[in-house]
Amino acid sequence: MSPTALPAAGPEHGHVTFLGAGPGDPGLLTLRAVEALSNADVLIAEHDVLDVIRTHARQGVSVVPMDADSSSVSPPGTGTPQLTVVDGTSTTAAAPAAARDAAHLVMEAARGGRRVVRAVSGDPGLDTYAAEEMLACAAAGVSFEVVPGVAAAVGVPAYAGVPLRDAQGADVRFVDARTASGRCWTEVGASDGTVVVSTTLDSVAAAAGELVSAGRKPDTPMTVTVAGTTTRQRTWTATLGTIAQTLKQAKVLPSPDGGRPVIAVVGERSAAAQRDQLSWFESKPLFGWKVLVPRTKEQAVSLSDQLRSYGAVPHEVPTIAVEPPRTPQQMERAVKGLVTGRYEWIAFTSVNAVKAVREKFEEYGLDARAFAGIKVAAVGEQTAKALVDFGVKPDLVPSGEQSAAGLLEDWPPYDPVFDPIDRVFLPRADIATETLVAGLIELGWEVDDVTAYRTVRASPPPAETREAIKGGGFDAVLFTSSSTVRNLVGIAGKPHNVTVIACIGPATAKTAEEHGLRVDVMAPEPSVLKLAEALADFGLKRRAAALEAGDPVTRPSERRPGARRRRTTT
């Protein structure tokens, strides 16, 4: 068995994996962690950890969330875990947990040979009290393993741009301020090495005071990072003597959120000059920007992934719902024609068209092999990707503009010598323009223009989202078509004037302006990926201008009245 192979669960006691979920960024999960999650029968974790690991769990896995006061994340005796089991059919069964602790929950979940993943924030050996649960499993004969995670004390400084060691080397000490003894403070205070302190926002100044009392100089550099490795991360640079004043001037404290955990790094490596060069995460062009993506969920995935790479927080709001055509007979005849050799070409102008044809294929028991002998065209990269996922490699994708016009630029004219059939199947939306049909006819082709799906206005988003749109809670909104402008305004209202408006092209920009919106960004070419790039470039220039002027780097939403005040209390 390889060192990373999953051990078999015992027939009676099951098996428990104590898994480190890292400090918050889902991308920091290890390959081993993902493997364990995909094989789990039961997940046990606090709610914030569940958000990190859930996407890697198989469908139907039971979930045992634990409240924020659980003894597994707080010093023993400060809370009681609450057990709620949610299965794959969304039925919920509650069990009284007044006399139970986390170890009992873990062992109970493992009964009957089930695989249990006990996921914790950070690393099981450094960030939590998981050792007590492991000892309980060992005493009860329940087999277990440990999958290390990225510890907060290591991962957060890396994301804050504060290396803990360099070529000169240094002592690195880790201190948990909640449990540190006087002797511990004396030892780290006497050292000239780097000290990483796990504490809370309202206890940072007290920890700094302990270090100064123990012998550290008040002018020793110090960084404090809250919500590390997430897009809510924020870091302050000061010294042991000035950190209290720095947090006060930044209006961070006093605050009801003073109990939020932070990682503080003390030592020369956290000096402001060095961090200015190494702060790679918070300096991303759209760091922390809440960006509205008004597209269907399937279409928004790749765009949202790209926005995340720029540090943004995408919020997908469907503005269009896709429904089958009112009269499906035309589509059924066309799909049968594909099989019987009626067409030379099939042209896909959207991901939804691919989906509509694929669903009809599955209805008839067909697969990608039915495209044999037929040339396939795709209007752009995303449509081509959807075809490849279906098992079809398109023969034609525009070399220039990704649009109907761009497709026509590269489409060959009908040649009766080389083209045995002169007919093109064009499955499309009910509201599509006639540009492609007219162009193909002009090139000598016969076109079966078939309504494959209908687009209707989606239902309004939740009230909270509508309020954020109208109240300036979003930093930017990306409009990928004129219909997304009209539909978003129709179902949710007009975006606030502080929100950056980015449009995919001139036609979309014109529609936005007709609705009273100021267009700030326009893609250099009609591509959603280029649109995201253009917004990132806008954010980068905006950040550079603020730094050059000596102003703090803020998000557009922080410019609205009262935004700063509300941000410090959330």
Side-chain angles (χ1 to χ4, degrees), residues 285-286 289-296 299-300 302-304 306-307 310 312 314-320 349-352 379-383 398 400-409 429 431-436 455 457-458 461 465-466 468-542 545 555-557 559-560:
L286 300 177
W289 283 39
K290 191 176 181 182
V291 180
L292 184 66
V293 183
R295 311 189 78 200
T296 62
Q299 293 172 317
S302 60
L303 179 55
S304 294
Q306 187 178 6
L307 289 169
Y310 298 133
H315 187 86
E316 297 162 4
V317 174
T319 58
I320 296 173
T349 57
S350 70
V351 172
N352 286 324
V379 76
E381 295 172 4
Q382 298 305 307
T383 305
E401 180 181 307
Q402 295 188 6
S403 64
L407 193 58
L408 286 170
E409 285 287 329
I431 59 171
T433 63
E434 304 297 324
T435 302
L436 186 55
T455 55
R457 181 176 287 182
T465 301
R466 298 197 302 272
I469 291 171
K470 293 182 287 187
F474 285 99
D475 298 289
V477 57
L478 298 185
F479 287 120
T480 55
S481 67
S482 292
S483 62
T484 58
V485 178
R486 290 189 291 266
N487 289 347
L488 182 71
V489 172
I491 65 176
K494 191 170 75 172
H496 194 279
N497 60 12
V498 302
T499 305
V500 174
I501 305 297
C503 295
I504 200 167
T508 304
K510 182 181 178 183
T511 303
E513 290 168 348
E514 288 172 351
H515 283 78
L517 300 175
R518 178 199 68 253
V519 177
D520 303 287
V521 178
M522 191 158 66
E525 57 186 80
S527 157
V528 293
L529 302 183
K530 293 295 182 181
L531 177 58
E533 284 181 12
L535 180 63
D537 186 55
F538 177 89
L540 200 61
K541 291 176 180 176
R542 189 175 180 278
R555 303 189 307 275
S557 62
R559 292 165 49 198
R560 71 190 194 279

Does any N or O in the side chain of [X] come within less than 3.5 Å of the main-chain N or O of [Y], such that one atom is a donor and the other an acceptor?
{"X": "Arg518", "Y": "Ile501", "answer": "no"}
{"X": "Asp475", "Y": "Ser557", "answer": "yes"}
{"X": "His496", "Y": "Val498", "answer": "yes"}

Do you know which two heavy atoms are closest between [X] and [Y], and how far apart they sit?
{"X": "Val379", "Y": "Ala404", "answer": "CG2-N, 3.8 Å"}
{"X": "Pro461", "Y": "Ile491", "answer": "CD-O, 3.8 Å"}
{"X": "Cys503", "Y": "Leu531", "answer": "O-CD1, 3.3 Å"}
{"X": "Lys530", "Y": "Pro524", "answer": "O-CD, 4.1 Å"}
{"X": "Pro314", "Y": "Val293", "answer": "CB-CG2, 4.2 Å"}
{"X": "Met522", "Y": "Ala534", "answer": "O-CB, 4.1 Å"}

Kindly indicate whether the side chain of [X], heavy atoms from C-beta on, has any atom under 4.5 Å from the side chain of [Y].
{"X": "Ile469", "Y": "Leu488", "answer": "yes"}
{"X": "Val528", "Y": "Ile504", "answer": "yes"}
{"X": "Pro294", "Y": "Val477", "answer": "yes"}
{"X": "Arg486", "Y": "Thr319", "answer": "no"}
{"X": "Ile320", "Y": "Ser483", "answer": "yes"}
{"X": "Pro495", "Y": "Leu517", "answer": "yes"}

Going from [atom1] on [X] to [atom2] on [Y], what distance comes out if it is rounded to the nearest 0.5 angstrom?
{"X": "Leu292", "Y": "Leu478", "atom1": "CG", "atom2": "CG", "answer": "8.0 Å"}
{"X": "Leu529", "Y": "Gln382", "atom1": "CG", "atom2": "CD", "answer": "5.5 Å"}
{"X": "Thr349", "Y": "Leu407", "atom1": "OG1", "atom2": "CG", "answer": "9.0 Å"}

- Item | side-chain contact (heavy atoms from CB on, under 4.5 Å) evaluation trace for Thr508 with Thr480 | CA-CA 7 Å; Thr508 304; Thr480 55; over 6 Å; no
- Query: Does the pair Trp289 and Leu535 meet the rule for a side-chain contact (heavy atoms from CB on, under 4.5 Å), with working shown?
  - Reply: CA-CA 11 Å; Trp289 283 39; Leu535 180 63; 4.2 Å; yes
- Task: Please report the C-alpha distance between Thr484 and Ser481 in whole Å, then the side-chain angles of each, then the deciding distance to 0.1 Å, and finally whether the side-chain contact (heavy atoms from CB on, under 4.5 Å) criterion is met.
- Result: CA-CA 5 Å; Thr484 58; Ser481 67; 3.3 Å; yes
- Query: Do Ser527 and Glu381 have a side chain donor and acceptor closer than 3.5 Å?
  - Reply: no
- Item | Parallel, tilted or perpendicular, as decided by the 30° and 60° cut-offs, for the rings of His315 and Phe474 | tilted
- Answer yes or no: is there an ion pair linking Glu513 with Lys510, defined by an N-O contact shorter than 4.0 Å? no
- With sequence neighbours excluded, what pairs up with Ala545 under the side chain to side chain contact (heavy atoms under 4.5 Å, CB included) test? none
- Residue from Leu540, Leu307, Val500 passing side chain to side chain contact (heavy atoms under 4.5 Å, CB included) with Leu286: Leu307
